[in-house]
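Just so you know, these numbers use all the heavy atoms, side chains as well, and skip hydrogens, waters and symmetry mates. Since we're looking at a predicted model, the values are computed, not measured.
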Amino acid sequence: MSKLLEIRGICKRFGATQALKDVDFDVDRGEVVGLLGENGAGKSTLIKILAGVHAKDAGEIFIDGTPASIHTPADAQRLGIAVIYQELNLTPNQTVAENVFLHHMQRQPGLLGKLGLIDRRRREHDTLALFEQLGIHGLDPNRKVGELSVAFQQLTEIAKALAFDARLIVMDEPTSALPDEEVQHLFEIVRRLRARGLGVVFVSHRLNEVRAICDRVVVLRDGHNAGGMPIAEATDDKIISLMVGRAIENLYPKRPAEPGSVVLEVEGLTRRGVIEDVSFSVRAGEVVGLAGLVGSGRTEVARAIFGADPLTRGTVKLEGRPVRIRSPQEALRLGIGYLPEDRKVQGLILGMSVRHNLALTVLRQLAFGGQIVDWSRVDAVALAHAQEVHLRPLRVDLPVNALSGGNQQKVVLGKWLAAQLKVLILDEPTRGIDVGAKAEIHALIDELAHRGMAIILISSELPEVLAMSDRVLVMCEGRLAGELSREEATQERVLALASGKK
Amino acid sequence: AAPPAAQPQRPQPQQPVSEPQPGTKPLTFVWSPKAVNNPVFDVARRGAQDKAKELGITVEWVGPESADAQKQAELLDAAIARKVDGMGISCNDPDALKPVIDRAMDSGIPVITWDSDSPNSKRITFYSLDNEAAARKGAEIMVDLLKDSQNKTYAILTGVPGAQNLEARIKAFREVADPAGLQWVATDPCNDDIQKGIEVVENRLTANPDLAGYFMAGAWPLFGDINAMPKFQQAAKRGMKTVAWDILESELRLLKQGLVHALIGQKFYGWGYDAVGILYDIVVNKKQYPPFVDTGFDLVTTPEQADVFLKKWETGNWRD
Amino acid sequence: MKTDLSLEKTPAQPAAPFASIFRQIIQRPETSIVILLLLLGAVLSQSSSAFLTPSNLFNILRNNADIAIAALGVTLVIVAGGIDLSVGSTMAFSGLVAAIAVSLGGTTAYQLPSFGLPPLIAFALGVLAGALVGLINGLLVVKLKVVPFIATLGMLGVVRGLVVGLTSGQTVRNFPVEFTNLGQGFLGPVPIPVVFLVVLALLVGLFLAYHVWGTYIYAIGGNETSATLTGLPVSRVKILTYVLCGALAGVGGVLVVARLGVSAPTQALGYELYVIAAAVIGGVSLSGGRGTVFGAVLGAILIGVLNNALVLLRVESYWQQAFTGGIILLSALIDRLRQRRS
Amino acid sequence: MKTDLSLEKTPAQPAAPFASIFRQIIQRPETSIVILLLLLGAVLSQSSSAFLTPSNLFNILRNNADIAIAALGVTLVIVAGGIDLSVGSTMAFSGLVAAIAVSLGGTTAYQLPSFGLPPLIAFALGVLAGALVGLINGLLVVKLKVVPFIATLGMLGVVRGLVVGLTSGQTVRNFPVEFTNLGQGFLGPVPIPVVFLVVLALLVGLFLAYHVWGTYIYAIGGNETSATLTGLPVSRVKILTYVLCGALAGVGGVLVVARLGVSAPTQALGYELYVIAAAVIGGVSLSGGRGTVFGAVLGAILIGVLNNALVLLRVESYWQQAFTGGIILLSALIDRLRQRRS
Ligand SMILES: Nc1ncnc2c1ncn2[C@@H]1O[C@H](COP(=O)(O)OP(=O)(O)OP(=O)(O)O)[C@@H](O)[C@H]1O
Ligand SMILES: Nc1ncnc2c1ncn2[C@@H]1O[C@H](COP(=O)(O)OP(=O)(O)OP(=O)(O)O)[C@@H](O)[C@H]1O
Ligand SMILES: [Mg+2]
Ligand SMILES: [Mg+2]
């Protein structure tokens, strides 16, 4: 019997970029295939061709052995292909139920339905039934999606993809915004789907997840097949060397810190309804991890310190002096930087060049009299920082949206390198970043700490927090639940604190 | 007491006698109304074209889409660049058009103005009714119409506030009406818009249901169907008197129905027919004209007079 | 481990029903405008006994039914993430087409053609003309990928130019009474244009709320990329919004001609800004994905009441425009306050 | 399987410098409009010897310098992600302020005050008045968080109403010749308004390209959230764009008054759409973050050439708006073609 999905010799180019070259790929019924590769390797492009979003330049797609012509997302859906895209694809102003059944709306019975009228009650009912089936709890079908946390949005997205009878489910990094427990939950769903004989394509940069759920992995490099193997043979080293063409020495290159004097001191930080009485301090040269479940308020703490949101109560001291930070502008002037969790929406000006993005924080310093920009100096400085973060390709004239996700993240980081900070708050700095780039970003974090910067590291990836931090603060429901030294900090203890058990 | 009879004062513009000269390139005049979206100028255009045909010349109709001095000046600048043989302008603003007119005259293009003047420019002559005289006459009629009325309140309807000719009419009207005991209530603009005009009149009559008189410095609402103005109809039936500018077909019918009581008429057709003749006289026959050619104005107050003008509208013959 | 309920941003405690209804009301963008209308109404009925009479209120509605009906259409376009600047021109064009179709011909010497067709056929032709303009708008935006602002600005000019060009600035008049009745008549105590408005508002409102395509419109305006990836017929829906917008502007335009008994080339000149303002004041978001037909109608009514108020309150005519602008700002500020509250 | 060579349509080998320059040129949005201008120019100079005379060209520029100057300001606002619908009203207001300041007093019976101040002081006062309107716009948008479309639509009404109300609809005239010279005079062969335009376009262009705040403006328009979180002075920059826009509209407005020798309350009525169209035709993106001053000026010139062409090509005046609308659409379509190419 022929396979569920067979892809042969797919090619795709965008302008000067050859995104895919002669790629073969297949999935069988009841199989979970991990699709791996560095940022920009072509994973999403392959998926989007399969989904009818992009047109392929060459190659063939077979479903059940018959050639399939897929030109629009609707074509793909007709063939039973469901896709969870890398970027959330929801309408914030519509309800969960509306989003889930957007393309398969429940209609009124009879003539009214033929005329296109919706049966709202049935839609709500079906949504709940679907949630039940998927084991999703606590998600109100009538809530507006925009009011939900990212994790719930991701669950909505998953439900939306499964809202119709699909035979092949493609998940492009579905876990990058999910907390650990929800990831387990998702795997539960995937296993159930596999048992029903569906094929699943799973993309992730977290190798432990890949090993936990996939039956087989396929690795892309620079747009072509680099190899594949059953999961039993797939060691981290093997996968990584297929992905990046070399072994990665150390994913967490952390040198022991020699903390200096206290740089940042936060006391009684409160923002009504979100964070409550948070106090801690960070020393120069120290990396302080901030762990917690999604929605525990880590981002809120960072934003409050950075002046992005108003405080209800609390004081911030910088190098011993109390400061009142009312805007990011003031924070920057005081030497505090914040790398936000969503680089595209909050971190970058996508349409502008790398040069501009890198220079924004220091434009004034690079200008004659603080007014007239000296673009040749900007170029030099931008290039230096691009080099420092190992930007690839090393070009500062490209618009940022032409870079892969990992490289975009390096630009955001580079922007704060330029600013000569005392304190840098990193919010999920490696979300959606491939192992290679991740190791580089970790090395950079370490390097910055060694130069004496005080760093707060927020991450939902526990191994990252544990490996990179000198000290770990754990948040739970807006409060600081505890503090662990590097030695004390283990996965179990952090999780226990994060979920409210002492 | 009957309202004063119409006194058509009609100076005879000199009819040029010359024939088109064969063999030479036909003359091209540019005729510029204040706006091409205003129907009153359409009659002028037909007059101009009729005359052009008679004389064997070309008249181009060049005006801004809607009343705008800046745009009119710009369009005329292009006409100067083309070196046309003469221009007749209804000026959106006397001063704004002055530089253009002077530029044209300096480059040898004779210019006359009609309907709306630019008195300080080098233009050769101005062909128009005397707005203020006509408005004063209208005011006298209104005073007379209301002389037995206890209530002497009246409202004024205007178009785009600030339009030179409208302001002149309003000012002259009030200079006569107010000292004679009439009580001015309000001046409402309707931005030269028929729909807005109708709404403004109806709103005004809601606010002042016992208004005794209405002076309309332009015919805007009267372009529409009278049934669109139930309050106006009611008011007219209980005795409100209306003096309105222009002698349009729809107004004439209203006058015959007794809903409107006096119409002050401009020589729309003459703005084209007569004025083109004058410019032709100047260019070809080298005639001299005084700086102001008063066309006089028509006054319609009786159904009989209305019939005379309705006939003109029906036949399109405005010449006698 | 169970999924934590605290993931939701606002606590899900069951609120008291009254408080919850109150909160729901205050959260609706239409609320600000209702408040403003009530305020204006209070001031007006205080200072002028003429205001609160049924005939005056119906008159306000009749006079603004056309803007309100056009605002329905513009709401569809804006909710889908577009804009239509050509509505004023479309109204004039539709009105002209219906006028030429229905006119009995005049008695004057200079005349535009007139066909004396039955009023309802003329009405339909007018609406069709509007839909055609809308179709061109839609094709320009969707097929030729011209930015909506520019596409419809171009059409604003082209269509208005067509009206002026076709008529040489003349008016069309002399309609049978069955036609003018559509604008001037009553159904019981209710002016016919108001009947049109109510029926159309209900239809469009139900369409947006209960029809599959209505949901598509919100989805496309909310996130066009996502709608495309979901496999929605984005192009067709967007074109439809422009066509419906043109058709509704057409209805408005024909009703004005019927009401005034004349079609003039200056009709509805510059109305696009008022129509869009009506929608936006009523809570329709210019960035798409949000707004209701109800809000747009309220917005149009507010503008109408305002024009009425200016005269009733004896605001000097020269200051009227300043006043209208002020109320637009005031409504925006009230809306800000409301949003702070909720 | 080998990669199919035919896929590589554009070889990745280092292109010849000429080809690369060519590609850069064709990638610029201003290119479409230059092409359109050249086409129009070719047609015009073919059919009328009057077109390509310096005096005609300078006249076109003089007559459109005000729109072009206002378009500079609107470009700043739009690039920063806003919109300003009040430019037309602001032009009239600034013109009026300067007119009252400089006027020697009129001869009419009802008179507005007139101060006979020196022309340059009057000029400055007019520009200041424009900047003030801009400041209010900016504060409404930034501090009170009113949507720019609504805030500036409200101000469109308020400011125009102020102009009509303050003057009771009258015009202000009778200016000293040193003042009217600013609009009517020449510097060498170049009309003075054109000198203003060139100088201001250079200043604003350099500001956008080389001043720190210029880059901030692009950044804010590109992504306001990111710009805020990068610590840029977002509020102040946005307010500044509105203030500059108001001031530049003010310059345009005063120049019109000087050129026409009169300030009328109807001045620049409805010009907001032309000014915005000039910018957008010139490649300024309404969603912010993209566009140049050069493009905006070209856009304004295109509109000016068009008006000139109407008369030179003997297009009947009734069709002028259709013509203008058509060219706006044409420019959008050419732009589409260009984008396909590159
Ligand atoms: N729409 C597009 N236009 C131009 N280039 C594109 C486009 N989409 C993707 N690319 C380029 O194609 C290449 C493959 O990108 P793709 O998104 O498939 O990578 P990926 O493997 O999904 O990476 P990541 O792990 O970061 O998601 C990259 O170089 C990317 O910059
Ligand atoms: N803009 C907002 N409006 C209202 N509530 C918000 C907003 N942003 C966050 N919250 C809520 O505040 C709480 C803390 O969220 P926060 O984003 O700080 O969590 P986090 O620990 O950083 O998790 P994440 O991994 O999702 O970033 C959550 O309940 C969240 O839903
Ligand atoms: Mg990807
Ligand atoms: Mg977070």
- Query: Between D/Leu140 and chain C, which part of the residue has a heavy atom less than 4.5 Å away: side chain, backbone, both or neither?
  - Reply: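 Answer is side chain: those atoms of D/Leu140 sit under 4.5 Å from chain C.
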
- chain C contact via D/Ile150 - which portion, at a heavy-atom distance below 4.5 Å: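 Contact with chain C involves both backbone and side-chain atoms of D/Ile150.
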
Using 0.5 Å steps for rounding, measure from the [atom1] atom of [X] to the [atom2] atom of [Y].
X: C/Ser168; Y: D/Trp319; atom1: OG; atom2: CH2; result: 8.0 Å
X: C/Leu273; Y: D/Glu272; atom1: CG; atom2: CD; result: 6.5 Å
X: D/Met155; Y: C/Ile328; atom1: CE; atom2: CD1; result: 12.0 Å
X: D/Leu329; Y: C/Leu153; atom1: CG; atom2: CG; result: 8.5 Å

- Do the non-hydrogen side-chain atoms of D/Val158 and C/Phe323 ever get within less than 4.5 Å of each other? no

- Less than 4.5 Å apart, any side-chain heavy atom of C/Leu162 and any of D/Gln321?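 Sidechains of D/Gln321 and C/Leu162: no contact.
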
- By a 4.5 Å heavy-atom criterion (distance strictly below it), what part of C/Leu286 contacts chain D: side chain, backbone, both, or neither?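 The side chain, not the backbone.
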
- Other residues, nucleotides, ligands: >12 heavy atoms within 6.0 Å of C/Tyr274 OH: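 No, because the 6.0 Å sphere around OH of C/Tyr274 holds 12 heavy atoms or fewer from other groups.
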
- Counting only heavy atoms not in D/Phe149, do more than 12 fall under 6.0 Å of its CZ? yes

- Largest heavy-atom contact set with chain C, pairs under 4.5 Å, which of D/Thr167, D/Leu330, D/Leu166: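 The answer is D/Leu166.
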
